[in-house]
Q: 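My questions will all concern the structure given below.
Count residues from 1 along the sequence. Predicted model, so just to flag it, every value in this text is computed and none were measured.
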Amino acid sequence: MERISGSEALLRSLLAEGVDTIFGYPGGAVIPVYDSLYDYKDKIKHVLVRHEQGATHAAQGYARVSGKVGVTLVTSGPGATNTLTGIADAMMDSTPLVVITGQVASPLLGTDAFQEIDVIGITQPITKWAYQIRRAEDIAWAVSRAFYIASTGRPGPVVLDFAKDAQVGKVDFEYKPVDYIRSYQPEPEINPDRIAQAAALINQAQKPFCLVGQGVILGHAEKELLEFLTKNDIPAAATTLGLSAMPSNFPLNKGMLGMHGNVGPNRKTNECDVLIAVGMRFDDRVTGDLKTYAKQAKVIHLDIDNSEIGKNVPVDVKVLGNAKHTLPQLTELLETRKRAEWNAEFEPDAQEEFEKVIKHELHPESGYLKMGEVIRKVSEATNNDAVLVTDVGQNQMMGVRYFQYNHTRSVVTSGGLGTMGFGLPAAIGAKFGAPERTVCFFTGDGGLQMTIQELGTIMQENLDVKIILLNNNFLGMVRQWQELFFHERYSFTEMVNPDFVSIAKAYGIAAREVQKREELDEAIQEMVNHKGAYLLVADVERFEMVYPMVPAGATVTNIIMGDQK
């Protein structure tokens, strides 16, 4: 064993866990770690963000596309509290993070010292585990536990609050990775009787329907899912976060569930006789009114988190475990079936949605640019191989509806928390997590300005991120609700915006604004072919609506198609 400082012990522990990238911002209470990091620059890439919230969102983007744990390093006090939104977002969306915060020295704890805050107290409700390191001897132990807890079972964020005296103290360093914690069971035991019960229900079903959540992606069960669906010819639809678990052109993929999902999946939820939920949590945006949700169906729920099963929707068969392990066992017991008539029942709904919504969005004959046409053209220009990153609002719902996916881990968006400002730093993290892939970030004018300072990070790192601003000079989604449900009283949602092209160019980022449809294809090609970051500002219809829409709290079959003019 070698005797080293606590700060160096932290960095060696991170290397032992395979960490190659840290998103951070230095400050007084974490200077010893940054001083040690100076000697590890060739082993660990540090990305200097412009705000600590950006560090957590960047770590989320990195984790979501790479499948690894995202790591953030910040200082104490405001540095720590600025990470709270990202930590909460990661908790809601089951994203594995390790957030390391500096802290005042142990003797000063509880004295209201400069930039002291009770990090553990405020982060415990929004983390899987939060621990304060007060001794250098505890560093390796804490880091190994942090990564194990963050990455196993249902993933999520972990916070390590690192006292300054532990950073400078000396320790005989030895690292032992953790693969067992007595009080923590990340992989629950699979009950074969439940598997058999689920298989029997599916085999007897005339109209089974599968709801695919992000748990499939987090469990690396995409292949197992496709085999399961194919054997019994089961139609499926995905939650927003689960979308890229199936390729867009997979024959049994019927689209997206939820408030702005596709018509067929929402209607068939209340027509199927067996509903199979895999790695999803029956969020209110998916279910609408629970009193009318899938009451005709037997419900099978496969999930790794026991607390989610039966929480919102009563289930008939509970299958606990990682989908990568439960799905193959279930598939083995299924009959090989063809369900041509049941699958064909989705077609009239799809055609109705195309005629009433999609056709007008993707193929407008005149007028202002439509969000959907911009998104689909960008997707096609990247051969549907790009990573889609969105902010939150209309750009988000249009993005996930009209982008196309060939590969898993292709959707990075804020689901449960719905964090405006998420997108730009998340796109930065996504590019570091998958440097070989094109990253296309769609945003609105509201969300972009919440974390616009991260253009500085893109500039400093010379990062190739494609930014598409769907600019309507409104907080678009709130305006949509005001128009539909608040008598067109647009209270404080109209925005006076700056010259975004000039701002981008001030950061050394190529930029162009498009207003005319005949210029769009050429501008998109210019963006895609450009080597380096690019901002494409698309001036879209100001009062455009995202349809279809299930009103909040309504039955999932109560679908507004919109008034097409």
Q: Okay, side chain of D316, backbone of V299: is any donor-acceptor separation there less than 3.5 Å?
A: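 Judged by distance alone, yes, a pair lies under 3.5 Å.
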Q: Would K268 and D349 pass as an ion pair if we require N to O under 4.0 Å?
A: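 Salt bridge flag = yes for D349 with K268.
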Q: Would you please classify the geometry between the F346 ring and the F209 ring as parallel, tilted or perpendicular, with 30° and 60° separating the classes?
A: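 Correct class here is tilted.
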Q: When rounded to the nearest 0.5 angstrom, what distance separates OG in S244 from CD in Q214?
A: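 The distance works out to 8.5 Å.
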Q: For the residue pair Q296 and E271, what are the closest heavy atoms and their distance?
A: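 The answer is NE2-N, 3.3 Å.
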Q: So with a 6.0 Å cut-off around OH of Y368, is the heavy-atom count from everything else above 12?
A: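 No, OH of Y368 has 12 or fewer neighbouring heavy atoms, counting only those of other groups under 6.0 Å.
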Q: More than 12 foreign heavy atoms under 6.0 Å from NZ of K223: is that the case here?
A: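 Not more than 12 within 6.0 Å, no.
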Q: Answer yes or no: are there more than 12 heavy-atom neighbours, outside F354 itself, under 6.0 Å from its atom CZ?
A: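 Yes, because the 6.0 Å sphere around CZ of F354 holds more than 12 heavy atoms from other groups.
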Q: When you compare the side chains of N343 and K338, does any donor N or O come within less than 3.5 Å of an acceptor on the partner?
A: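 No, no side-chain donor-acceptor contact under 3.5 Å.
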Q: Would the distance check show the side chain of N312 and the main-chain N or O of L290 forming a donor-acceptor pair, the cut-off being under 3.5 Å?
A: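 Not a single qualifying donor-acceptor pair exists.
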Q: To the nearest 0.5 Å, what is the distance between CE on M545 and CD on E483?
A: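 Result: 4.0 Å between the selected atoms.
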Q: Centre-to-centre under 6.0 Å for Y148 and Y180, is that the case here?
A: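 Between Y180 and Y148, which both carry aromatic rings, the centre distance is not below 6.0 Å.
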Q: Do T419 and D89 have side-chain N/O donor and acceptor atoms under 3.5 Å apart?
A: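 Note: T419 and D89 side chains meet the donor-acceptor criterion.
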Q: Ignoring hydrogens and geometry, is there a side-chain-to-backbone donor-acceptor pair from K128 to V159 under 3.5 Å?
A: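 Absent.
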Q: Does the side chain of D385 pick up a donor-acceptor pair with the side chain of H407 at under 3.5 Å?
A: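 Judged by distance alone, the side chains do pair up.
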Q: For N395 and T443, does a side-chain donor sit closer than 3.5 Å to a side-chain acceptor?
A: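 The answer is no; no qualifying pair exists.
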Q: With a 3.5 Å distance limit and no angle check, can you tell me whether N232 reaches the backbone of L334 through a side-chain donor-acceptor pair?
A: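 Not a single qualifying donor-acceptor pair exists.
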Q: Does any N or O in the side chain of E544 come within less than 3.5 Å of the main-chain N or O of M371, such that one atom is a donor and the other an acceptor?
A: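 Answer holds: yes.
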Q: Please determine whether the number of non-hydrogen atoms from other residues, nucleotides or ligands lying under 6.0 Å from atom CD of E380 exceeds 12.
A: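 Result for CD/E380: enclosed.
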Q: Checking D391 side chain against G444 main chain: does a donor-acceptor pair fall under 3.5 Å?
A: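 Pair absent, no side-chain N/O of D391 close to backbone of G444.
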Q: Below 30° counts as parallel, above 60° as perpendicular, anything between as tilted: where do the rings of F485 and W481 land?
A: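 Geometry flag for W481 against F485: perpendicular rings.
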Q: Could you tell me whether E361 and R401 make a salt bridge, using a distance below 4.0 angstrom between a side-chain N and a carboxylate O?
A: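 Here E361 does not pair with R401 in a salt bridge, since their nearest N and O are not under 4.0 Å apart.
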Q: Donor-acceptor pair, N529 side chain versus Q525 backbone, under 3.5 Å?
A: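 Such a contact is found between N529 side chain and Q525 backbone.
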Q: Are R194 and T326 close enough that a side-chain donor and a side-chain acceptor fall under 3.5 Å?
A: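 Not at all, the side chains of R194 and T326 share no donor-acceptor pair under 3.5 Å.
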Q: Keeping E353 on the side-chain end and V263 on the backbone end, is there a donor-acceptor pair under 3.5 Å?
A: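 Yes, the answer is positive, given that a donor and an acceptor are paired below the 3.5 Å cut-off.
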Q: Answer yes or no: is there an ion pair linking K377 with E373, defined by an N-O contact shorter than 4.0 Å?
A: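 Looking at K377 and E373, the cut-off is not met.
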Q: Is a side-chain donor or acceptor of R64 paired with a backbone partner of G429 at a separation under 3.5 angstrom?
A: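 Answer holds: no.
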Q: Within a 6.0 Å radius of atom CD on E436, are there more than 12 heavy atoms belonging to other residues, nucleotides or ligands?
A: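 Check passes, neighbour count above 12.
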Q: Quick check: H301 with F282 (ring centres under 6.0 Å apart)?
A: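 Yes, the ring centres sit under 6.0 Å apart.
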Q: Scan side-chain atoms only and decide if T152 and Y184 contain a donor-acceptor pair under the 3.5 Å cut-off.
A: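 Yes - a donor-acceptor pair under 3.5 Å links their side chains.
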Q: Would the distance check show the side chain of W342 and the main-chain N or O of P208 forming a donor-acceptor pair, the cut-off being under 3.5 Å?
A: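 Yes, the answer is positive, given that a donor and an acceptor are paired below the 3.5 Å cut-off.
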Q: We want to know whether Y62 and D20 form a side-chain donor-acceptor pair, criterion being a heavy-atom distance below 3.5 angstrom.
A: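 D20 and Y62 do have a side-chain donor-acceptor pair below 3.5 Å.
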Q: Strictly below 4.0 Å, N to O, side chains only: are D305 and R154 in salt-bridge contact?
A: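 Answer for the salt bridge query: yes.
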Q: Any luck finding a side-chain donor-acceptor pair between T72 and T56 under 3.5 Å?
A: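 There is no such pair between these side chains.
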Q: Indicate whether any N or O donor in one side chain lies under 3.5 Å from an N or O acceptor in the other, for E222 and T408.
A: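 Result is yes, a qualifying pair exists.
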Q: Under a 3.5 Å threshold, yes or no: a donor from one side chain and an acceptor from the other, between T95 and D93?
A: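 Side chains of T95 and D93: no pair found under 3.5 Å.
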